[in-house]
Amino acid sequence: MPARTTTPTATAPDSSRVPEEAVTPLIRGVAVLEALTAAGGTMSPSALERATGLARSTVDRIVATLARMEYVRLDGRDAVLTPRVMELGNAYLAALRLPVLLGSRADALADELDESVSLAVADRDGIRFIHQATRRRAMSLSFRIGDLLPAERTAPGPLFATEWTEADWTRWRTRRSRDPQDRTFPAVPPAPATRPDEPNENNENNEDNEGDRDDRGGRGDRGGRGDRDFVHRTERAAADGWSLDDQLIEPGLVAVSAPVRDPRTGRLACVANVVSHTSRHTAADLRDTLLPRLRRAVAVMEEDLRRAPHAEPGPQPAGLATWTSASKQELGREFIESLARGLTVLTAFGEDRAALTLTEVAKATGLARATARRALITYEHLNLVTHNAADRTFSLSPRVLSLGFPPLAGTSLPRLAEPHLRALTDRIQETTCLAARTETGDEIQYTARVTARHVMRVDIRVGTRLPATTDTAVGRVLLANQDHALADEELEEGVRTLAVPLHDRTGHTVAALTTSTHTARRTPQDCLDTLLPALTTTATHIETDLHTASRFTPVPLT
Ligand code: PHB
């Protein structure tokens with residue numbers, strides 16, 4: 001059995017034939033991105049070879065192309081996903097609009113209940129998270145945005161299954177018999193090995209248990225229960241309009257779900273979930289005490305959808321076609337232009353561009369129609385795009401979130417900044433740091449640091465706290481909104497400090513990027529002439545990553 005991290009993802013195409021016009025390098029590039037995602041964001045070239053079955057030279061060219069696109073960076077030999085790759089998932093989430101329209105309601109419910117609340121959409125026979133409002137607890141419960149779970153092991157699954165066609169049920173049964181332990185779902189622990197439809201001694205749910213509805217979540221029977229049980233839970237979800245997960249994923253984890261319907265079609269838009277732990281609520285408890293409040297919140301969400309204004313025009317897509325030609329000229333054989341062009345197609349979609357015709361995709365990307373068409377055919381084959389024959393438009397599918405999103409959802413500013421600090425320190429040969437105000441606001445905390453090789457160096461460790469005053473360069477940048485600050489010998493004699501601000505998506509200063517040098521090494525003028533431009537450039541790079549990463553998920557500052 002191959003390692004869990006190297007198995008294909010669950011929504012990979014069925015055995016259906018690859019269309020003749022599909023772009024092979026694009027299929028392979030997607031396989032590499034999905035393997036990296038399943039592995040948590042970092043993989044060696046040989047692990048990528050094993051996971052994708054591709055030749056080493058192909059893996060190398062794909063990684064070089066993704067690196068050129070800044071979707072991965074090379075850390076030694078390892079390929080590492082960068083926050084930039086989140087622009088693919090962002091395109092899907094923006095086009096979907098549900099996170100923007102309903103996210104703050106989910107957050108408010110989480111605050112009200114002091115429990116985690118999530119929103120999930122159907123992804124074929126799985127469910128995928130599109131929003132997470134999590135509580136900070138010692139025992140963290142939550143999945144990440146983009147994580148895919150097998151429908152039958154969740155609370156929302158039976159609600160989505162009420163809309164399944166015969167073909168959906170067949171696909172689900174095929175998957176269950178091929179992968180009874182859920183090895184194609186890297187986000188969940190494997191299910192105990194039992195055959196589908198095997199009667200389970202411990203499972204009261206194989207029988208109609210009208211008298212004891214507390215057990216309808218299939219308690220403690222983590223995926224090992226017979227397939228009939230899911231059919232049964234689906235029938236009940238259809239009748240009741242809610243659904244439970246009583247420790248189907250993991251002992252202790254319980255959830256209750258209610259459907260959010262699209263007011264125009266009456267069909268499921270998404271499912272809202274309250275997630276807890278048996279130490280706080282049993283599943284029956286969740287249903288009795290929290291379900292009524294969840295349903296009230298869902299009614300408000302549906303009203304929000306009814307009243308939602310038309311989508312605001314989002315940022316224009318970058319139109320990368322000319323860029324890819326230039327990269328091809330520069331990198332030659334190592335750059336796979338058809339992969340870069342194909343990935344560009346996904347970024348054509350967005351908030352007011354949820355459904356696009358082929359002509360619109362070609363126009364937004366600057367690609368020739370034939371190129372855009374072949375990319376769309378490839379994506380349709382990979383279940384990344386759906387085609388609506390009625391109005392001849394294409395839309396992104398939830399599976400786009402499997403292209404790098406989950407490992408980066410929830411990344412912190414210090415983690416996101418670290419490779420940029422390393423590059424900056426390399427360039428200026430000085431120690432560089434990130435600092436931010438603490439939650440209470442009365443202190444400044446150093447949150448990241450990369451040291452330069454000098455015998456004489458400023459030794460401020462990560463975690464060091466200073467009073468939040470404008471007595472220091474960092475303090476002035478964080479508190480007084482200056483463009484940059486240069487300070488001489490304020491921390492210590494002989495130390496010269498330069499700091500520049502980092503801004504969030506709304507323009508607020510959220511951190512300072514700073515470097516300290518010795519007065520003997522650099523004059524104030526030298527700091528302004530050589531260090532300041534380097535710091536400003538790095539700040540821009542960090543901000544670009546921060547803005548991409550924080551579009552749909554909060555990025556902690558510390
Ligand atoms: C979650 O949001 O973490 C969640 C939702 C539904 C489940 C399990 C977990 O059934």
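Computed from heavy atoms alone, side chains included, the values below leave out hydrogens, waters and symmetry copies. As the structure lists them, so they are numbered: ligands from 1, and atoms in each ligand from 1.
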Legend entry - Spacing of OG1 belonging to Thr548 relative to CE belonging to Met86, to within rounding of 0.5 Å: 8.5 Å
Legend entry - ligand 1 N/O within reach of Pro156 N/O, cut-off under 3.5 Å: no
Inset, instruction - Could you tell me whether Asp352 and Arg97 have a side-chain N and a carboxylate O separated by less than 4.0 Å? - result: no
Inset, instruction - Please say whether Ser118 places an N or O atom under 3.5 Å from an N or O atom belonging to ligand 1. - result: yes
Legend entry - Per-atom contacts, ligand 1 versus Ile249 - under 4.0 Å to a heavy atom: 8 (C)
Legend entry - Those atoms of ligand 1 less than 4.0 Å from some heavy atom in Asp245: 7 (C), 8 (C), 10 (O)
Legend entry - Sub-4.0 Å atoms of ligand 1 with respect to non-hydrogen atoms of Ala155: 10 (O)
Inset, instruction - Could you see which bit of Leu253 sits under 4.0 Å from ligand 1, with heavy atoms only: side chain, backbone, both or neither? - result: side chain
Legend entry - Whether over 12 other heavy atoms sit under 6.0 Å from Arg306 CZ: yes
Inset, instruction - For this output row, return yes or no: ring centroids of Phe230 and Trp164 closer than 6.0 angstrom. - result: yes
Legend entry - ligand 1 contact on Thr154 by region, counting heavy-atom pairs under 4.0 Å: both
Inset, instruction - Take Glu34 and Ser402, measure what side-chain hydrogen bond (donor to acceptor under 3.5 Å, both in side chains) needs, and give me the verdict at the end. - result: CA-CA 6 Å; Glu34 290 199 324; Ser402 74; 2.4 Å; yes
Legend entry - Cationic N near anionic O, under 4.0 Å, Arg175 to Glu152: yes
